[in-house]
Structures are given as structure tokens and as C-alpha cells.
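What follows is one structure encoded as C-alpha cells, with my remarks underneath.
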2 protein chains.
Amino acid sequence: MDSKTKAQYEARAKILKALAHHTRLFIIDQLKREKRCVCELTEMINADTSTVSKHLSVLRNAGLVKDEKIGASVYYELTTPCITNFFGCVESVIKANAELQMALTEN
Amino acid sequence: MDSKTKAQYEARAKILKALAHHTRLFIIDQLKREKRCVCELTEMINADTSTVSKHLSVLRNAGLVKDEKIGASVYYELTTPCITNFFGCVESVIKANAELQMALTEN
DNA sequence: TGTACATTTGGTAATTTAACCAAATGACCA
DNA sequence: TGGTCATTTGGTTAAATTACCAAATGTACA
């Protein structure tokens, strides 16, 4: 694997790393529906505001969301909604794993 | 976020975490083309065999690949090829980020 | 049986991640 | 201006991740 190829995979991995946390996946799902400010998201998620803010900055650094200040609040929205198309396939992996597990425990 | 919902997002995050490493993304791309054994993958990737083996076990634990022993070799293949459909959207995020970066550095 | 090859597993050190608290910054309004 | 709400940033700690080396396990074959 040459260094150029490696850099390309690293760029992809950066995006996936940003998605790879349950709180951030929840945020993505919420933003798919509508813009939300940090305080709204914080209320939905059971965590400190600073924790939610940091999750949002991870998503922002990956280019997955953008923010807009309105009054004292900062609203976040998805930059690339296609990102949620992926979850269908993720779900099918989860379902397949569950079925495999079922089949194994039957014995 | 109730505990059931949280568990669902954690299940998704587990899959994404398994994908979130440049070496594992490379492996996924290779396996999309054809089955490969650990030694073939190790030769393509510049890393120790044990490192590659551990990456494969991460993918296996997530249910993304399955293995089959043939002679002394273990061949890996994708369980759910749809996983690669996602990369198109990931690329579009990367491209958008690059364009944004260009626009910013122009000033 | 002995040797070589393929793979996995265990151990260690360095790095990254994530959560919370506390403090700083910024906006709004009485 | 002073107070309050919204958000971000810095600091600390605990846990997870990754890479490599060394050693164990399994397969094939002379």
C-alpha cells in the first residue's frame, strides 16, 4: 500500500471515526429530521452540555455538520444527508449477526 | 434517550468502530474484489502478520467478514457487501471538505 | 518425526478517546 | 451594568486502541 493510497484510506477512516459513537449517531439521526441547537440535543441526551458540545465538534471537524449561531444558541445541521443512507446496511449487518447468534444458541 | 434506544445506537456504533481504521478499510476494499488469506493481505499492507490478524478479528467480531480455513491458510470474505456502498457518500464528504478548504485558503 | 509456513494469542508501551467539572466567552435583556 | 442562559475550552482521570515482538497452535509434507 503506497503512501498516497494510505492517505486516502486515512481520510475515509477519519469520517468513520467521527461517526463511531452512539451519542454522535443519535445526533446525526436527530439532525436528519431538523436543525437543533446544543441545548435541545443536550436535553435529549443524558450527558453534560460540554460533552455534547465536544461530540458536535468532532462531527464538525469531520465536515459532517455545520453550525450557525442564532442569538445565544448555536444550531447544527447535516452537511451531507446521504450519510444516513448507510444505516440501512448497518442494520442489515446487525440483523444478520442477531440471526447467527440465534442459530448458535439453539444448539 | 431511553436505554433501548441507546442500545440500538451502540450496536450501530460497534459496526462503525470496526470500520474506522485505515487498514481495515483497505481490507474491506480488497475483500470486495475477492477472498483473501491473511498472508496475502499482510503482503499488501505494510505491517506485522499479528497486526493484520487482529484487524481481521475486529472485523469478524463485528460480523463484517467471515473466515474459512483452507489448508494452513485462513481465507476471509465479506458477509455483507453492501457495506461498501457507503464509501461513495464518505468520498463526497471528503470532496466537500477539500473544496471548503480550498475556498478558505484562497483568501 | 522434524521443519517450514500460516495464523492466533498474550504482553507491553504509546496514543487516543470520553466523561465530568470548572472556568471563560458571548448574547440577551431588565 | 449586572444577571442569566448557551456554548466552548481546559484539565483530569479512566478506559480503549494499536503496534510490535515473542510464543503457542495448527497444517502440510519431506
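The sequence lines fix the lettering, A, B, ..., with proteins before strands; numbering per chain opens at 1. Here the structure is a predicted model, which means the values were calculated and not measured.
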- Taking the side chain of A/Lys54 as its heavy atoms from C-beta onward, which of C/dG26, D/dC20, D/dG11 lies nearest to it? D/dG11
- Item | Gap between atom CD of A/Glu77 and atom NZ of A/Lys32 - 0.5 Å precision | 15.5 Å
- Task: For B/Leu16 and C/dT17, give me the distance from atom CG to atom P, rounded to whole Å.
- Result: 15 Å
- Item | More than 12 heavy atoms of other groups within 6.0 Å of A/Glu43 CD | no
- Message: Using the rule that Ile, Leu, Val, Met, Phe, Trp and Tyr join whenever any side-chain heavy atoms are under 4.5 Å apart, tell me whether A/Ile83 and A/Leu25 fall into a single cluster.
- Response: yes
- Item | Sugar-phosphate only, base, or nothing, as touched by B/Lys69 at under 4.0 Å among non-hydrogen atoms | sugar-phosphate
- Task: Give one of base, sugar-phosphate or nothing for A/Thr49, where a contact means two heavy atoms less than 4.0 Å apart.
- Result: base
- Can you check the B/Glu68 CD to C/dA6 C1' distance for me, whole Å? 15 Å
- Any chain of hydrophobic side-chain contacts (each under 4.5 Å) joining A/Leu78 to A/Tyr75? no
- Message: Need to verify one output field. Residue with the more 5' nearest nucleotide on DNA chain C, A/Asn46 or A/Ile70?
- Response: A/Asn46
- Task: Would you mind telling me which of C/dC20, C/dT7, C/dG26 lies closest to the side-chain atoms of B/Val74?
- Result: C/dT7
Which pairs, protein N/O on one side and nucleotides 13-16 of chain D N/O on the other, fall under 3.5 Å?
none

- Item | Integer-rounded Å distance: D/dG10 P and A/Asp48 CG | 16 Å
- Query: With respect to the side chain of A/Ser73, which nucleotide from D/dT7, C/dT7, C/dC20 is positioned closest?
  - Reply: D/dT7
- Rounded to whole Å, the CZ-C1' distance (B/Arg36 to C/dT7) equals 18 Å
- On DNA chain C, check which nucleotide each of A/Ala72 and B/Tyr75 is closest to and give me the residue with the more 5' one. B/Tyr75
- Task: For A/Glu10 and C/dT15, give me the distance from atom CD to atom C1', rounded to whole Å.
- Result: 15 Å
- Pick base, sugar-phosphate or nothing for B/Ser50, based on heavy-atom distances below 4.0 Å to the nucleic acid. base
- Message: The side chain of A/His55 is closest to which nucleotide in this list: C/dT8, C/dA19, D/dG10?
- Response: C/dA19
- Task: Please indicate whether A/Asn46 has more than 12 foreign heavy atoms, meaning atoms of other residues, nucleotides or ligands, lying under 6.0 Å from its CG.
- Result: no
- Message: Expressed as a whole number of angstroms, how long is the span from A/Asp67:CG to D/dT8:C1'?
- Response: 11 Å
- Take atom NE2 of B/His21 and atom P of C/dT15, then tell me their distance rounded to the nearest Å. 15 Å
- Ranking B/Arg24 and A/Thr51 by the position along DNA chain D of their nearest nucleotide, the one closer to 5' is A/Thr51
- Query: For A/Tyr76, which contact category applies under a 4.0 Å heavy-atom criterion: base, sugar-phosphate, or nothing?
  - Reply: sugar-phosphate
- Nearest-Å distance for atom pair CG/P, residues B/Leu56 and D/dA19: 12 Å
- Item | Pi-cation contact, B/Tyr76 with B/Arg60 (under 6.0 Å, within 45°) | no
- Message: Could you tell me if A/Arg12 sits above the aromatic ring of B/Phe87, with its cationic atom closer than 6.0 Å to the ring centre and no more than 45 degrees from the axis?
- Response: yes
- Charged N to carboxylate O under 4.0 angstrom, B/Glu34 versus B/Arg36? yes
